[in-house]
**Q** 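Okay, handing you the structure first.
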Amino acid sequence: MGSRASTLLRDEEIEEIKKETGFSHSQITRLYSRFTSLDKGENGTLCREDFQRIPELAINPLGDRIINTFFPEGEDQVNFRGFMRTLAHFRPIDDHEKNKDPNVSEPLNSRNNKLLFAFRLYDLDKDDKISRDELLQVLRMMVGVNISDDQLGSIADRTIQEADQDGDSSISFTEFIKVLEKVDVEQKMSIRFLH
Amino acid sequence: MEDFGNIVCSAFIVWFTLVVGLIVLPAMFGISLGITEVYMKVLVKTLEWATLRIQRGSKEQQKPTTLVSNGIILRDDGSMEKEITDLRKGRSKPQINGEFELSDIFYFSKKGFESIVEDEVTHRFTSEELVSWNLLTRSNNNFQYISLRISIIWVLGVFIRYCILLPLRVTLATIGLSWLVIGASLVGLLPNSRVKNWLSELVHLMCYRICARGLSATIYYHNKENRPMKGGICVANHTSPIDIVILANDGCYAMVGQVHGGLLGIIQRAIVKACPHVWFERSEMKDRSLVTKRLRNHVADKTKLPILIFPEGTCVNNTSVMMFKKGSFEIGGTIYPVAIKYDPRFGDAFWNSAKYNMVSYLIRMMTSWAIVCDVWYLPSMTRQEEESAVQFANRVKAAIARQGGLVDLSWDGGLKRAKVKDAYKEEQQKSYSKMIVGDDSS
């Protein structure tokens with residue numbers, strides 16, 4: 001049984017989202033159903049409180065950073081297109097997309113874009129570098145009050161030291177990719193859909 | 001003009017006599033005339049026919065069938081440690097426990113996004129989605145014109161439900177409740193004796209039976225040998241205020257709750273005259289020790305009826321059982337768990353108190369097809385020596401969930417309105433900290 005969704009979401013919109021994100025028709029309608037159920041204000045957009053109402057997300061140490069990824073450039077509302085665009089980063093990589101023509105623009109869920117997404121979770125001020133301070137802040141979110149400033153500082157220093165290759169005491173995107181080259185990004189940054 | 005008035009009067013008298021004769025009297029004595037059975041048979045046949053037509057219709061129109069499966073995504077069930085260690089396998093350096101890796105963030109972001117797409121909690125506070133439409137407008141999320149016949153049946157259904165069933169049910173409910181108030185007050189005038197108790201039980205039973213007919217409730221009781229005994233505590237999952245009517249149809253219970261004003265207050269004051277129920281003032285509810293003490297006193301008196309408690313503390317949508325508050329399990333005494341499962345095809349019993357107030361909820365109930373539910377009486381349980389109240393509560397909850405075919409959740413039903421406690425986030429942060437500094441501090 002479908003959702004109020006399929007009557008309110010026009011076919012052209014579904015096609016556009018399909019092209020942009022690569023989700024299938026049924027995935028888009030199911031996600032639209034989810035979107036409307038989160039939209040308590042029933043105005044077609046989600047605000048930060050709508051996300052925080054999900055208990056599992058509210059207790060995630062990085063919950064706020066994750067919610068932030070939906071709201072680019074200081075906006076407070078995200079519509080369904082924006083919602084899908086962000087979710088698309090977690091779509092599994094299809095086999096036939098792996099060897100694509102380099103002239104076509106990269107799909108949102110390519111390995112590179114997944115890594116870029118993770119990089120941006122660390123890069124708080126969006127200057128394309130992860131500084132020591134930014135790393136410390138994110139670490140602090142993940143560990144809460146359980147580790148002292150000093151210990152956390154040395155962890156951050158060690159991490160930057162290992163990753164930094166051009167000696168600027170911060171991690172650039174290229175250095176980030178190098179550190180994670182052996183990680184199975186495809187599997188660890190993908191959500192498995194049932195349909 | 002007079003003639004018209006006479007006709008209306010006599011029609012009303014005939015109607016009233018029929019109702020009393022055919023429904024109220026048999027209900028009071030627990031006999032069934034078989035009218036409800038016939039109605040249910042016709043209803044089931046109609047719904048089955050409608051389901052087939054809808055399926056055929058959607059095939060013909062070749063709409064992509066959106067299946068209602070059990071979920072949108074498949075989640076990993078691994079613990080935090082397992083998942084993060086998996087992530088770190090790719091590293092060429094040897095595994096030293098007590099290290100941070102940049103890849104750790106993948107675990108949290110994936111978990112976060114999975115919960116955005118689908119989580120276990122938020123959908124428990126809205127009505128269950130049906131696999132196939134049951135010809136009620138309210139459960140219709142995807143109304144597409146299937147065929148003329150379905151639409152006609154639907155219109156007929158609306159007419160029957162609103163113009164025939166609703167007045168009938170309202171009449172029955174009024175009779176039932178007034179009889180409860182009057183009967184209980186009358187019984188209350190008697191001095192305390194066995195006769196009084198017997199009469200009080202009779203009055204209660206009769207009224208709840210009339211009310212049940214007022215909802216066209218068909219209740220299947222299982223394992224009646226495990227029915228709650230005097231001096232015990234009956235514990236059940238909570239879906240709506242109607243749960244009380246459902247349970248009280250087959251036994252007498254002492255109710256526990258807050259004193260209300262208005263109609264509910266009148267009923268409360270009346271029935272407490274007939275037999276001891278436990279009503280608390282709003283201010284008293286806040287004092288946990290006072291509440292526990294009063295309940296303990298009630299339970300200790302083996303002549304008093306078993307108390308009925310809903311430990312979830314709030315209504316949830318009957319697809320899961322949420323956290324049981326430990327208060328009821330600290331009182332002592334024998335716990336009699338009961339599982340209640342409603343059949344959603346005939347009507348949605350869940351009271352979404354955020355969306356509907358009591359009156360509109362009752363009207364929705366009375367304009368459903370029927371209320372059909374199963375009640376399982378589970379064997380009694382008592383707290384073991386080394387068990388804490390919380391562990392005991394979880395044990396009872398698991399038993400109820402298993403019997404009713406419901407999902408057993410540890411989340412608090414209070415999340416319907418309140419934010420989740422920070423303590424859970426702190427737990428996760430603690431686990432993660434252990435992973436990156438190792439077991440001994442360096």
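Scope of the values below: all heavy atoms of this structure, side chains included, with no hydrogens, waters or symmetry mates. Throughout, protein chains are lettered first and strands after them, A, B, ... in sequence-line order, and every chain is numbered starting at 1.
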**Q** Heavy atom to heavy atom, less than 4.5 Å: which residues from residues 115-127 of chain A reach chain B?
**A** A:L115, A:F117, A:A118, A:L121, A:Y122

**Q** Report the C-alpha separation of A:Q151 and B:I436 in whole Å, then their side-chain angles, then the decisive distance to 0.1 Å, and conclude whether the side chain to side chain contact (heavy atoms under 4.5 Å, CB included) test is met.
**A** CA-CA 10 Å; A:Q151 237 179 342; B:I436 64 174; over 6 Å; no

**Q** As a quick check of understanding, evaluate side chain to side chain contact (heavy atoms under 4.5 Å, CB included) for B:Y432 and A:N146, giving each step before the final call.
**A** CA-CA 9 Å; B:Y432 181 64; A:N146 297 291; over 6 Å; no

**Q** I'd like to verify something: which residue of B:V420, B:L102, B:L415 has the highest number of heavy-atom pairs under 4.5 Å with chain A?
**A** B:L102

**Q** In this structure, are over 12 heavy atoms from other groups packed under 6.0 Å from B:K416 atom NZ?
**A** yes

**Q** One pair to check against side chain to side chain contact (heavy atoms under 4.5 Å, CB included): B:H123 and A:S37. What are the steps and the verdict?
**A** CA-CA 8 Å; B:H123 65 101; A:S37 73; over 6 Å; no

**Q** Need one label for B:F108: side chain, backbone, both or neither, based on atoms under 4.5 Å from any heavy atom in chain A.
**A** both

**Q** To the nearest 0.5 Å, tell me how far B:S433 OG sits from A:I147 CD1.
**A** 4.5 Å

**Q** Does NZ in B:K425 sit with more than 12 non-hydrogen atoms of other residues, nucleotides or ligands closer than 6.0 Å?
**A** yes

**Q** With only heavy atoms counted, which part of A:F70 is less than 4.5 Å from chain B, the side chain, the backbone, both or neither?
**A** side chain

**Q** Distance from A:I155 atom CD1 to B:F100 atom CZ, nearest 0.5 Å?
**A** 8.5 Å

**Q** Is any residue of residues 50-66 of chain A within less than 4.5 Å of chain B by heavy atoms, and which ones?
**A** A:F51, A:R53, A:I54, A:P55, A:E56, A:L57, A:A58, A:I59, A:N60, A:P61, A:L62, A:I66

**Q** As an exercise, state the distance from OG1 of A:T69 to CD1 of B:I116, rounded to the nearest 0.5 Å.
**A** 6.5 Å

**Q** Between atom CD of B:Q429 and atom CE of A:M141, what is the distance when rounded to the nearest 0.5 Å?
**A** 10.5 Å

**Q** Counting neighbours of NZ on B:K355 that are heavy atoms of other residues, nucleotides or ligands and sit closer than 6.0 Å, is the number greater than 12?
**A** no

**Q** Using non-hydrogen atoms only, which part of B:E427 is less than 4.5 Å away from chain A: side chain, backbone, both, or neither?
**A** neither

**Q** Below 4.5 Å, heavy-atom pairs only: which of B:A423, B:G112, B:S431, B:S115 has the largest tally toward chain A?
**A** B:S115

**Q** Going from CZ on B:F113 to OG on A:S190, what distance comes out if it is rounded to the nearest 0.5 angstrom?
**A** 12.0 Å

**Q** Go through B:V117, B:T126, B:D104, B:V121 and name the one with the most non-hydrogen pairs under 4.5 angstrom from chain A.
**A** B:V117

**Q** Which pair of non-hydrogen atoms, one from B:K110 and one from A:K188, has the smallest distance, and what is that distance?
**A** CD-O, 3.2 Å

